[in-house]
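Protein chains get the first letters and strands the later ones, always in sequence-line order, with residue 1 at the start of each.
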Amino acid sequence: MNFWLVKSEPDSFSLEDLQSRPNATEMWDGVRNYQARNNLKSMKQGDQVFFYHSSCKVPAIVGIAEVVREHYLDPTASNPDHSGFDPKHSEEKPKWYAVDVQFKQAFKSPITLSWIKQQKELQDISLISKGSRLSVMPIDAKHWEYIVARAR
DNA sequence: GCCAACGTTGGC
DNA sequence: GCCAACGTTGGC
């Protein structure tokens, strides 16, 4: 099993929004960065995902989701009315993908970015590596364990 | 709102 | 293929 982190602005889609979806499941679409997309394609069913709230008052990992459907064509890339429309994307020549994620758990106390930065055990986590703005990134098992242990 | 750190685009 | 200009992300 692998571990990941996805970012979302809570104003547009929060962990609570995911929890309130039918079956607590939502399509994770709109990824338009090649490196993030490659990470998305590497996700396997059952992989565990940190849900991170970005661009908000207290940026933090707020809970856990699970990959319940592996990558498939991102329908928003084929929709001219969608902001993520990409004319170079097609079924014949796919560029962009989505996965389905399901809500698993909301942390009682979110793991804040500022706390993460203070932990010497987390200094090499991808989230705070220099200039990392990826919306989908892998998380080392040891970092996952350390954060989950704190969040319980 | 500022700005650093990217990624992308497009002229050449 | 280079690189300047531009757009985006996201913390602060």
Report yes if the side chains of A:Met43 and A:Asn2 come closer than 4.5 Å at any heavy-atom pair, otherwise no. no
Rounded to whole Å, the CZ-P distance (A:Arg133 to B:dC6) equals 7 Å
Exercise for review: Please confirm whether the backbone N or O of A:Thr76 pairs with a side-chain atom of A:Asp74, one donor and one acceptor, at under 3.5 Å?
Suggested key: yes
Ranking C:dG11, B:dT8, B:dG7 by distance to the side chain of A:Tyr34, first place goes to B:dT8
Exercise for the section: May I ask you to say what A:Lys117 touches in the nucleic acid, namely base, sugar-phosphate or nothing, with a heavy-atom cut-off under 4.0 Å? Expected result: sugar-phosphate
Testing B:dG7, C:dC12, C:dG10 for proximity to the side chain of A:Leu113, the answer is C:dC12
To the nearest angstrom, the CG-C1' distance between A:Leu127 and C:dT9 comes to 13 Å
Does C:dT9 have OP1 or OP2 under 4.0 Å away from a side-chain N or O of A:Lys7? no
A:Met137 atom CE is separated from C:dT9 atom P, nearest whole Å, by 14 Å
| task | Would you please indicate if the ring centroids of A:Tyr34 and A:Trp96 are separated by under 6.0 Å? | result | yes
* Asked: Is A:Tyr52 near enough to C:dG11 that one of its side-chain N or O atoms lies under 4.0 angstrom from OP1 or OP2?
  -> yes
To the nearest angstrom, the CG-P distance between A:Leu134 and C:dG10 comes to 9 Å
Can you list, pair by pair, the side-chain donor-acceptor contacts under 3.5 Å of residues 110-117 of chain A, counting residues two or more places apart and other chains?
from, atom 1, to, atom 2, distance (Å)
A:Thr112, OG1, A:Ser114, OG, 3.3
A:Thr112, OG1, A:Trp115, N, 3.1
A:Trp115, NE1, A:Gln119, OE1, 3.1

